[in-house]
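All remarks here apply to the structure that follows.
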Amino acid sequence: MCLSAQVSFAASVFLVGGGTAISIVAWRRNKRYLPLALMPLFAGLQQFTEGFVWVGMNGNDPLTVLWGAMGFIFFTWFMWPIWVPFCVYVLEPDDSPRKRLFRLMALIGLAFGLLLYIPHGLNSDMVVVEINNQSLAYERSMWLDFMMPRWLTNTIYVTLITLPPALSHYKHVRHFALTLVAVIVVDIAFLQYAYISFFCLLAGLATLHLVYIILTNKCARECPELFA
C-alpha cells in the first residue's frame, strides 16, 4: 500500500486470504463467479509487490524498487483494464446483446494495457517511483504521455474499468460500478499527489463488494436459470 511496507504486506495478507476463500466459494457455487472472485486475490498480490517497492525505497535498493514497481504496474496498467471487462463478459448471460461489447472492451483493454506496460519492461529507466507526502507516486512514468495527453489516458482507463460493470445485466454488478466511481472521485478530489497508488489501494478494498455479491449469490435474483 502507498503508506508503508508493513501496511502493504498486511493489506496483501487480508486480500489474498479473503480472495482465496471467496474463490473456493465461487468454484463450488458457480464458476461464472470465479473471475470476479479472483479480483481480491489479485489486488492482494498487487499490494504485496508494492510492499517490496517500499522495501527497496527504504533500503536504497534500486533493483528491488524496479522489480516491485514492475509487479505493481503489471496489475495497474496491464491487468485491470483487461480483467474487469472480462469478468463482466463471463458473468453476462449468453443471450445478452451486450456480451459482445464486453468481449470487445476486454480486447481493447489488452491492447491498451500492452501499450502502457511493455515499454517500461523494455526500458527500466522509464520506471520512476518517488515518495510524495509519505506516499509512493508513479505518476512520472506513464509512457503514453508521448502519444496522448494524460487526461485522455486516464479517461480511457476509467472507461474500461467502470463502463462494463455499469452496463451489466445484474443490478448488484452495476452497484459495484458505483463503488468504483466513488473510489475514483475520492482519489481525484483528495489524493492527487499519489493517485495511482491510492487508487489501487481503494479499488482493492472495493473488491470486498464483490465478496458480498458472491456470498449472497445476488445474480440468482435476476438470472435464476444460471445461478440458482
Set out, in order, the CA-CA distance, both residues' side-chain angles and the distance that settles side-chain contact (heavy atoms from CB on, under 4.5 Å) for Leu34 and Trp27, then state yes or no. CA-CA 6 Å; Leu34 188 58; Trp27 180 267; 3.7 Å; yes

Determine whether Phe74 and Gln46 make a side-chain contact, defined as any pair of heavy atoms from C-beta on separated by less than 4.5 Å. no

Could Lys99 and Tyr89 be counted as a cation-pi pair, given that NZ or CZ must be under 6.0 Å from the ring centre and within 45° of the axis? yes

Test of understanding: with salt bridge (charged side-chain N to carboxylate O under 4.0 Å, His left out), list the residues that count as partners of Arg174, not counting sequence neighbours. none

Leu160 and Ile108 have their tightest heavy-atom pair at CD2-CG2, 4.1 Å

Residue pair Tyr138 / Phe72, side-chain heavy-atom distance below 4.5 Å: yes

Over all atoms of both residues, closest heavy-atom pair of Gly68 and Phe52: CA-CB, 4.5 Å

Could you grab the distance from atom CZ of Phe176 to atom OG1 of Thr207, nearest 0.5 Å is fine? 7.0 Å

Nearest atoms (heavy-atom pairs only) where His172 meets Glu222: N-OE1, 4.3 Å

Taking Met148 as the starting point, is it possible to reach Ile196 by hopping between hydrophobic residues whose side chains are less than 4.5 Å apart? yes

So do the side chains of Tyr157 and Thr153 get within less than 4.5 Å of each other, counting heavy atoms only? no

May I have the step-by-step check of side chain to side chain donor-acceptor pair (under 3.5 Å) for His209 and Thr179, ending in yes or no? CA-CA 8 Å; His209 189 161; Thr179 299; 2.8 Å; yes

Exceeds 12 heavy-atom contacts within 6.0 angstrom, atom CH2 of Trp67: no

Check Leu91 against Tyr170 and note the closest heavy-atom contact, atom names and distance. O-OH, 3.0 Å

Hey, what else clusters with Val185 if you join Ile, Leu, Val, Met, Phe, Trp, Tyr whenever side-chain heavy atoms sit under 4.5 Å? Val181

Could you check if a side-chain atom of Met79 sits within less than 4.5 angstrom of a side-chain atom of Tyr117, using non-hydrogen atoms only? no

According to a 4.5 Å side-chain heavy-atom criterion applied to Ile, Leu, Val, Met, Phe, Trp and Tyr, with indirect links allowed, do Ile82 and Leu107 form part of one hydrophobic cluster? no

Return the set of residues passing salt bridge (charged side-chain N to carboxylate O under 4.0 Å, His left out) with Asp61 (not counting sequence neighbours), or none when no residue passes. none

How far apart are the C-alpha atoms of Asn123 and Trp143, what are their side-chain angles, what is the distance that settles it, and do they pass the side-chain contact (heavy atoms from CB on, under 4.5 Å) test? CA-CA 10 Å; Asn123 183 2; Trp143 182 79; over 6 Å; no

Not counting sequence neighbours, which residues clear salt bridge (charged side-chain N to carboxylate O under 4.0 Å, His left out) with Glu130? List them please. Arg140

Is there a path from Val186 to Trp80 through hydrophobic residues (I, L, V, M, F, W, Y) whose side chains come within less than 4.5 Å of each other? yes

Please give me the minimum heavy-atom distance between Leu210 and Leu36, naming the atom from each residue. CD1-O, 3.8 Å

With side-chain contact (heavy atoms from CB on, under 4.5 Å) as the test, would you mind laying out the steps for Leu41 and Leu45 before giving the verdict? CA-CA 6 Å; Leu41 191 153; Leu45 294 177; 3.7 Å; yes

Pairs under 3.5 angstrom only: tabulate donor-acceptor contacts from the side chains of residues 10-19 to other protein residues two or more places apart or in another chain.
from, atom 1, to, atom 2, distance (Å)
Ser12, OG, Gly44, O, 2.9

Salt bridge (charged side-chain N to carboxylate O under 4.0 Å, His left out) partners for Arg32, two or more places apart: Asp94

Minimum heavy-atom distance between Pro164 and Val88, given as atom pair plus value: O-CG1, 3.5 Å

Would you say that Asn217 contacts Tyr33 through its side chain, given a criterion of any heavy-atom pair below 4.5 Å between the two side chains? yes

